[in-house]
Amino acid sequence: MPAITLPDGSVRHFDAPVTGATVAASIGPGLAKAALAMKLDGRLVDLSTEIAADAQVVFITRRDDTALEMIRHDCAHVLAEAVQALYPGTQVTIGPSIENGFYYDFARNEPFTTADFEAIEAKMREIIARNAPFVRSEQDRNAAIAFFEAKGERFKAELIRDLPESETITFYSQGDWIDLCRGPHMRSTGDVGTAFKLMKVAGAYWRGDHRNPMLSRIYGTAWRDQKELDAHLRMLEEAEKRDHRRIGKEMGLFHMQEEATGSVFWHPKGWKLYRTAESYMRRRLEQNGYEEVKTPQLVDRALWEASGHWEKYRENMFQAQVADEDKTLALKPMNCPCHVLIFRQGLRSYRELPLRMAEFGACHRYEPSGALHGIMRVRAFTQDDAHIFCTEGQIAEETVRFVALLDSIYKDFGFESFRVKFSDRPEKRAGTDEVWDRAEGALKEACAIAGVEYELNPGEGAFYGPKLEFVLRDAIGRDWQCGTLQVDFVLPERLDAEYVGEDGNRHRPVMLHRAILGSFERFLGILIEQYAGRFPLWLAPVQVAIATIVSDADGYAAEVAAAFKAAGLAVITDTENAKIQAKIRRHSVDHVPVIAILGRKEAENGMVVLRRLGVEAQETITLEDAVKLLAAEATPPDLARLK
RNA sequence: GCCGCUUUAGCUCAGGGGUAGAGCAACUGAUUCGUAAUCAGUAGGUCGUAGGUUCAAUUCCUACAAGCGGCACCA
């Protein structure tokens, strides 16, 4: 007879097997009402699950994060029922909960449009109001396949066919509607609540494979209550305002146009931001033992054939021919082969290792049209690329050094946290298992030493070696790989890089491919969103706007501007015949971090009124102090540390 | 590349088979006004590109391009 242990340590005894609902009711009517599901010995199950033996039980209520996931999953089921009710003949496939919501993939000849949402949502509300219980049942495998095939649900039938033989096939019904599902679910459709909204439609390949048919995916968001939903929708609206494409336009940082799809036209202010970041990176690399090089844009295909890129990536390379020569050149899609060519000039000694060769390498890749995204994913980009030529024994130490540098640089740019993914050996790979064991081992060891916590990303490594990916998130919640560190045993072999070791013999170096920002374009895009265009002083393309109140202060404004410029500050002077309110608004909208306001009083006393972006409070100080203050504040963080 | 949507003034957007409209910005004039929009006036458009239907297309249809949202891809 089951003895049930609750989280507070108390034990309840029952004479016969009981369901979770009964246990909850025995504890109190409040819990009976609130319990949506339970964890039975740590396993999430339906509340209706029968407990026959002694067990630990934790009830899940709406407050739990687990409940939120269940709301979303159940909401996906409700969506599927609604869609099949409204659009007969539509096949169901899968519908998981995801971050902030859920989706469901349907197979239907005619795709959905957002215009269908109103009707679908209304039907969903009906289904939820009906409050039909979710009922679990186990099915025989063949009967289940036959059941779905009879209904014309070939995708579901395929899913079951591909489940391992050992798997129990379970169905869940909600009223008349029934679906294959592992579960668990909440008690009934009413538990979903009404705080949901359909968001967008999209195409998605069946099972994520582009050779498969394309399904019609509906995304939705779902929350515990209306307040949470409203907050989420408001957050999305705010995120839209941070979009780098919008801010880039508003602040006049860059633009893109059809004549150069996937390439950025940097405007003066955007280029200033770019150069600030580049100068900073150059200093950090120099401080950290890197040597900068510059290699050709156009390189004969022979090099790409030798490196293996021609075979694998030719379709994605821009090629160039010249009339007089029978040659095919390619715009470099990456810098590593060229770096090996530099390494190969002259005889290298083990004493030179590790040799850290850096380049702000401008690369071109013919990315698929659908992959392009603002300046985050482009066809022409510049990497803060470097290759570390080292021995196998140096991999761990170089990794530790790299991670420390990356961490410090991300912090300087205002990124306090980031995700790290460890991508290990892919199915198709070069090199022996033994080499992979050593490479992965060295990387793991380095992560342990550096205190890097990572998520395993199995099978996603480069074909030549394992890699670490450093991921930053944009305003809308999309993740982008920025930094990377890749261990490569293959390219040195292919391009015949070698050094003379201590023993007097020739050896192959290992190459570590590494980037911190990744590409300037992507990193700056994320940086724009991170700050919503309100950059710290050292990054701001325009640092101070000098605004006069009356034209009598124009002469003084010129003097102030000259003093600021002499201190290295980027200044604009606004002596237009307009009200000071209007000028403040104008420069605030432009995200200028500091507005220096000059009236008659200031001109007479040699003072400056400083007003910070978005702050009403202001300080009145002497011109001399203002120059000192702002110059200090505008010092890049690495240089500030040296002081 | 695939699915869907979008493309009208510098920007944000409205409109709709009879050759276009607002706000902001721009320009001109007045205003010198102390902390997030002073007032008035003027100018501004091959309605993404190319075809087709029509007496007539910016509007309807087709193709293409670019952008957006996903999927796939990302050396």
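Every chain is numbered from 1, with letters handed out A, B, ... down the list of sequences.
In this structure, A:Phe117 has its ring center at least 6.0 angstrom away from the ring center of A:Phe112. In this structure, A:Tyr104 has its ring center no closer than 6.0 Å to that of A:Phe102. Taking the six-membered ring for Trp, A:Trp206 and A:Phe155 have ring centres closer than 6.0 Å. Aromatic pair A:His513/A:Tyr464: centroids less than 6.0 angstrom apart. A:Phe265 has its ring centre no less than 6.0 Å from the ring centre of A:Phe254.
Among the nucleotides B:G69, B:A36, B:G67, the one closest to any side-chain atom of A:Leu372 is B:G67. Looking at the side chain of A:Val609, the nearest of the listed nucleotides B:A75, B:U35, B:C73 is B:U35. Closest approach to the A:Tyr219 side chain among B:G1, B:C71, B:A66 is made by B:C71 (side chain taken as heavy atoms from C-beta onward). Nearest nucleotide to the side chain of A:Met214, out of B:C71, B:G69, B:A65: B:C71. Looking at the side chain of A:Arg217, the nearest of the listed nucleotides B:A66, B:C71, B:U32 is B:C71. In the set B:A36, B:G69, B:U35, B:A36 carries the atom at the smallest distance from any side-chain atom of A:Val589. Here the nucleotide nearest the side chain of A:Asn316, chosen from B:G69, B:A75, B:U35, is B:A75. The listed nucleotides are B:A66, B:G34, B:A75; the one nearest the side chain of A:Arg365 is B:A75.
Taking 3.5 Å as the limit, the base of B:U35 and the side chain of A:Gln618 contain a donor-acceptor pair of atoms between them. Taking only distance into account, the side chain of A:Arg377 meets the base of B:C74 through a donor-acceptor pair shorter than 3.5 Å. A donor N or O paired with an acceptor N or O is found under 3.5 Å between the base of B:G1 and the side-chain atoms of A:Tyr205.
Phosphate contact (OP1/OP2 of B:A75, side-chain N/O of A:Lys312, threshold under 4.0 Å): absent. Contact annotation: A:Arg478 side-chain N/O to B:G70 OP1/OP2 distance is under 4.0 Å. Residue A:Arg611 places at least one side-chain N or O under 4.0 Å from the OP1 or OP2 atom of B:A36. A sub-4.0 Å separation between OP1 or OP2 of B:G4 and a side-chain N or O of A:Thr113 is absent. Side-chain nitrogen and oxygen atoms of A:Lys583 include none within less than 4.0 Å of the OP1 or OP2 phosphate oxygen of B:A37. Residue A:Lys332 has no polar side-chain atom (N or O) positioned under 4.0 Å from OP1 or OP2 of B:A75. A:His373 has a side-chain polar atom (N or O) that falls below the 4.0 Å cut-off from OP1 or OP2 of B:G69. Between A:Arg586 and B:A36 there is no side-chain N or O to OP1 or OP2 distance below 4.0 Å.
Going from the C1' atom of B:C71 to that of B:U59 covers 33 Å, rounded to whole Å. Comparing B:C68 with B:C27, their P atoms are spaced 30 Å from each other, to the whole Å. One C1' atom belongs to B:A43, the other to B:A25, and the distance between them is 13 Å to the nearest Å. Across the C1' atoms, B:G15 and B:G45 are found 14 Å apart, a figure rounded to whole Å. With both ends at atom P, the span from B:C13 to B:U7 equals 10 Å, rounded to whole Å. B:G52 and B:G4 have their P atoms separated by 26 Å, with the value rounded to a whole Å.
Using Watson-Crick or G-U wobble geometry with both donor-acceptor distances under 3.5 Å, B:U46 finds no partner in any strand shown. Under the Watson-Crick or G-U wobble criterion, with both distances below 3.5 Å, B:A36 has no partner in any strand shown. Base-pair partner of B:U58: not found among the strands shown (Watson-Crick or G-U wobble, both distances under 3.5 Å). Pairing partner, B:C2: B:G70, with both Watson-Crick or wobble hydrogen-bond distances short of 3.5 Å. If you check B:C11 for Watson-Crick or wobble pairing at under 3.5 angstrom, you find it paired to B:G23.
Within 4.0 Å of A:Lys467, counting heavy atoms only, lie sugar-phosphate atoms of the nucleic acid but no base atom.
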Subject >> Stepwise ring-ring contact (aromatic ring centres under 6.0 Å, His included) check, A:Phe523 with A:Phe415 >> reply: CA-CA 11 Å; A:Phe523 190 81; A:Phe415 296 101; 5.6 Å; yes
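In this structure, A:Asp209 places its CG atom 16 Å from P of B:C2, rounding to the nearest Å.
Counting heavy atoms from C-beta on, the side chains of A:Arg365 and A:Phe381 come closer than 4.5 Å.
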